[in-house]
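Here is the structure we will look at.
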Amino acid sequence: MDSASILQHLVNGAMLGMMYALVAVGFTLFFGVLDVIKFSHGDVLMLGAFTALSAALGLSAAGIEQPLLQLALMLVAGIALTGLVGALVGRYLVLPLKSAPALNTLLITLMFGTALREAVRVFYPQGSNPKPFPRLLPDDALQLGALSLRADSLLLLALGALVIIATHWLIGRTKLGLAIRAVAQDEETAKIMGINYTKIVLITFALGSALAALAGIINGLYYNEINFSMGLNLGVIGFAAAIVGGLGNFYGAIIGGFLFAALQTIGAVAIPFGSSYKDVFAFAVVIALMAWKPTGLIAEQEAQRV
Amino acid sequence: MSAPLTVTSLTAGYDQADVLHDVNLRAQAGQITCLLGANGSGKTTLIRTILNLTAPRAGRITLAQDDITGKPTHEIVAAGIACIPEGRKVFAKSTVEENLRLGAYAEEDKSAVIARMQRVFDIFPRLNERRTQLAGTMSGGEQAMVSIGRGLMAAPKVLLIDEPSLGLSPLFVQENFKVIQRINEQGVTVFLVEQNVRQTLKIAHYGYVLAQGRVVAEGNAAQLRRDEQVQAAYFG
Ligand SMILES: Nc1ncnc2c1ncn2[C@@H]1O[C@H](COP(=O)(O)OP(=O)(O)OP(=O)(O)O)[C@@H](O)[C@H]1O
Ligand SMILES: [Mg+2]
């Protein structure tokens, strides 16, 4: 294989890893503060992408065509609405079921995700077809010696990395993050500290959902296409990444996300006709990893849980 | 700064049954009021109910003139009640300094937080040396310092303390009592749950005895020392 296609695989793998990591961090945050698995997470991601697409179409219809302005408004619309939906899911579907068995939360969010997905399929104009996603970033090739890279890929990678670092800073260094970590460790004692428990849980749900929306939008910008069922795969992979890394652990989620993408890339490159088997390969390795380390690569005791 | 805490006709409990029955008591402003009682008599439940971690079923709780009954816990804390909970409950995966900062969570003024932290370090120099250590890796005695220091960080009007000397060496217990007395001398109303009756009665201005969820005796230290219930429970 020549170095150009190696580079292409690397960029592609990094892009996927970043999207998975963004989704996995959401799972880990929800599990951290509330010990719940929110199965609508993937479909919430899809909602973020479709909201951004609708915003783009609306802006174009209104004659606002400037690409960077469009992109900025799409990000704001997609992230804000999805964050709000995440907080509403927390408030009306998850918190009320707090004293019920965890399976009930899993089921109710699974049903909500399905309803969301079906609603987009049925109510979005021709919602069952893939939708073209606007190409808004400059896609000229950057020359690195003999290698060339598309500028939009680099920009998307930089955006994702920046957001992951910012989230890490928020959790680890701010007063809000301090409260989120306190709630994650011990709900009652956090309340005794004067922390408004419900508020922190809802902010966490909004934050995790906003990250998923960003992953969905990055996905659209990278492949220039989205569809109503995009959240299924990304949701399952994000969940797997969070579990493999060690559910509840921030670094684990990032590692898990990039690990899964690396496995897919290796599968695609190393196995003959691998690109059709790459998911089978990646999931098989993840299953083996889970059997070997049932509580995740980073054991919860050793690591800082969010 | 200090304020009285009044509990009137309080009934509370968990799913099945009431644990507290018609409890009446008052922590006088600026005093140390202690609550004695055998294991399982409902002392921790009373503290939980004051903070609305366990919902009161009947009765009233007031801080100075404010009725705080049934308010969310964070509002009760904001009104000026802090708690050093039973079993210390430090945030094990956070550092000593983060634990202390959490104690002052409601305080927006950063310089006030720093000043309070300095005062806590004056009382427990060990915590200053261990600022960046994860609280969960500290010894039991050190964790007690974190828990007490964290309670002080709130600069409360009323401080609820639930068995601070549980599992500590006699020397350390004595230190703890001195610290509690010092806090009180700065004007904080203290409501103290303790099994260590002799030492508690040495520093308490007034006390109550709880048995099976009811107040069965009250009085000043001298009166309680003579009380039959206390005698039977602790000095027998
Ligand atoms: N979360 C709970 N759910 C159900 N019952 C509880 C709960 N917590 C305490 N109880 C019961 O309430 C009663 C009073 O318990 P509480 O913890 O208030 O006693 P205590 O006086 O603090 O005892 P100790 O001195 O051992 O700390 C006990 O019978 C206990 O079993
Ligand atoms: Mg107790």
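Proteins get letters first, then strands, A, B, ... in listed order; numbering begins at 1 in each.
Within 6.0 Å of the CD atom in B/Q65, the count of heavy atoms belonging to other residues, nucleotides or ligands does not exceed 12. Residue B/K110 places its NZ atom among 12 or fewer non-hydrogen atoms of other residues, nucleotides or ligands, all under 6.0 Å distant.
Residues A/Q185 and B/F91 come closest through the heavy atom pair OE1-C, 3.2 Å. The two residues A/D186 and B/K89 have their closest heavy-atom pair at OD2-CD, 3.8 Å. Residues A/K191 and B/T73 come closest through the heavy atom pair O-CG2, 3.5 Å.
The candidate from B/M153, B/R101, B/R150 with the greatest count of non-hydrogen atom pairs under 4.5 Å with chain A is B/R150.
Separating the CD atom in A/E188 from the SG atom in B/C83 is a distance of 10.0 Å, to the nearest 0.5 Å. Rounding to the nearest 0.5 Å gives a distance of 5.0 Å between CG of B/L53 and CD1 of A/I192. Atom NE2 of B/H74 is separated from atom CG of A/N196 by 3.5 Å, given to the nearest 0.5 angstrom. Interatomic distance, B/S94 OG to A/R181 CZ, rounded to the nearest 0.5 Å: 5.0 Å.
Using a 4.5 Å cut-off between heavy atoms, B/P85 contacts chain A through its side chain alone, with no backbone atom that close. With a 4.5 Å cut-off on non-hydrogen atoms, B/L51 touches chain A through its side chain but not through its backbone.
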